[in-house]
Amino acid sequence: MSLPPDGEAAPTGDLGWGAVAPVGLYLHIPFCVSHCPYCDFVVVAGREARGPANRIASFVRALEQELDLRADALDRHWGPPGTAARPLLDTVYLGGGTPSLLPTNSIARLLALVRSRFGVADGAEVTLEVNPGADERGDAGAIRAAGVTRLSIGAQSLDPKELRTLGRRHSPDDVAETVRAARASGLASVSLDLLYDIPGATLESWAATLDTALALVPDHLSLYALTLDDPDAEGITGPGGDHLPVSAGARRWRDQARRGQDDDRAAAMYELADRRLAAAGFAWYEISNWARPGHRSRHNLAYWEGRAWEAAGPGAHAFDGRTRRWNAARLDGYIAALTPSDGSAPRLPPGLQEPVTASGREAESAILALRTSMGLPPSALDRPALGPTLTWALEAGLLEPTRDDRLVLTLAGRLLSNEVFVRLV
Ligand code: SF4
């Protein structure tokens with residue numbers, strides 16, 4: 001990690017040598033109506049997100065400035081968008097936070113700016129993350145008219161009690177209404193996010209959530225085990241860190257919630273989901289993701305395929321094929337750098353960057369590929385850095401050769417993927 005000499009976070013805008021131009025763009029929108037106690041995303045909530053003192057308009061001005069500065073850097077390095085050296089973007093992803101809290105005209109303006117400065121290919125996938133609450137989900141028709149093609153809906157559970165446990169504000173009916181409105185608006189693809197291993201959940205409640213989700217006929221499902229990490233202990237909440245400190249209340253909630261989790265139950269939930277989703281016509285294509293044909297997330301696939309992407313917004317990560325760069329998480333520093341109150345020129349926000357070494361890249365590429373149903377070619381067995389672990393995983397039944405000549409994690413391998421991955425780094 002390259003820290004500037006004084007230990008302060010520094011603006012990061014250089015393109016590393018050997019870099020390639022991005023094919024995707026991630027925009028981080030940090031606002032949520034309230035802060036769920038398990039959430040480690042970069043989020044500001046409460047008065048900053050809603051009401052007379054909200055900071056959404058100041059943030060959008062800052063984000064527009066960052067997009068211009070990042071586009072300027074790409075123009076200088078690669079020339080204008082739409083050339084062999086600088087392809088038009090294939091994907092744009094507005095994640096958060098709750099991007100659907102942005103006024104629709106702000107979403108439309110941001111996407112127009114992205115189109116004019118970065119270039120967006122015909123048929124590009126443009127995803128917006130949405131929370132299902134009636135006062136959070138926005139107007140699906142206007143969202144589609146702004147240029148969004150895909151909604152990713154943060155359902156998390158379809159059990160009212162579990163939603164209360166998680167501190168969520170919406171009901172299962174809100175999820176159904178959000179899907180209905182998305183379909184009525186003609187949005188091309190609808191994804192639901194669900195969490196398993198929620199304290200108090202049972203295999204039966206999880207089966208009921210899956211059945212209710214499938215009855216809504218989504219195109220894509222992301223299923224994540226509830227993880228209760230401690231970003232403060234991991235040292236990633238400092239001035240240049242990409243996370244915000246955990247509040248005392250959230251820390252207490254997590255300590256209590258951990259006691260209600262169970263690894264065996266989590267594994268049984270994953271196996272049950274894999275069976276039910278396969279029976280309903282969904283294919284797994286990444287450890288946590290299943291899709292109907294034609295509905296894989298192209299944006300996330302670009303991450304797993306190690307392609308380059310640009311990013312803007314607090315805590316957002318970018319990768320140019322050679323270097324990882326991220327903006328610091330704090331909104332104050334972000335807005336102050338990009339829209340200085342003293343009339344000085346906008347500066348890129350504080351953040352850090354980290355070059356990826358050749359050996360690190362080999363291990364990381366293998367891990368990302370193994371996360372997916374594409375896996376690795378058998379020739380990976382001949383690579384000195386990979387072969388011993390892959391051979392061990394084959395013998396342990398965690399990896400298998402497929403009919404189309406790839407090495408792919410088995411179901412047991414997906415459940416124990418971290419055992420494989422730690423041996424590769
Ligand atoms: S709504 Fe989503 S992003 Fe916002 S705090 Fe809850 S989990 Fe985090």
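Read the numbers this way: they start at 1 and go in the same order the structure lists the ligands and their atoms. What you see is a predicted model; the values in this text were computed from it and never measured.
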Could you list the atoms of ligand 1 found under 4.0 angstrom from a heavy atom of Ser34?
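The atoms of ligand 1 under 4.0 Å from a heavy atom of Ser34 are 5 (S).
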
For Cys32, counting its heavy atoms only, list the atoms of ligand 1 lying under 4.0 Å from any of them.
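Listed by number with element: 1 (S), 3 (S), 4 (Fe), 5 (S).
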
Decide, yes or no, whether a salt bridge links [X] with [Y] under the criterion of side-chain N to carboxylate O below 4.0 Å.
X: Asp219; Y: Arg183; value: yes
X: Arg254; Y: Asp40; value: yes
X: Asp135; Y: Arg169; value: yes
X: Asp90; Y: Arg307; value: no
X: Arg61; Y: Glu64; value: no

Quick check on atom 8 (Fe) of ligand 1: does Cys39 put an N/O/S atom closer than 2.8 Å to it?
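Given the 2.8 Å cut-off, Cys39 counts as a ligand of atom 8 (Fe) of ligand 1.
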
Please state whether the separation between atom 6 (Fe) of ligand 1 and some N/O/S atom of His35 is under 2.8 Å?
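False for His35.
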
For Arg325, run the side chain to side chain donor-acceptor pair (under 3.5 Å) check against Glu310, Gln353, Glu354 and tell me which one passes.
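Of Glu310, Gln353, Glu354, side chain to side chain donor-acceptor pair (under 3.5 Å) with Arg325 is met by Glu310 alone.
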
Quick one: nearest non-hydrogen protein atom to [atom], plus distance?
atom: atom 2 (Fe) of ligand 1; answer: Arg168 NH1, 3.7 Å
atom: atom 1 (S) of ligand 1; answer: Asn131 ND2, 3.0 Å
atom: atom 6 (Fe) of ligand 1; answer: Cys36 SG, 2.3 Å

Return yes when Gly154 approaches ligand 1 closer than 4.0 angstrom through a heavy atom, no otherwise.
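Checking ligand 1 against Gly154, which is what was asked, there is no heavy-atom contact under 4.0 Å.
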
Please confirm whether Tyr26 and Trp309 have ring centers closer than 6.0 angstrom.
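No; Trp309 has its ring centre 6.0 Å or more from that of Tyr26.
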
Give the single entry among Gly95, Ala45, Pro30, Gly97 that approaches atom 3 (S) of ligand 1 most closely by any heavy atom.
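Minimum heavy-atom distance to atom 3 (S) of ligand 1 goes to Gly97.
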
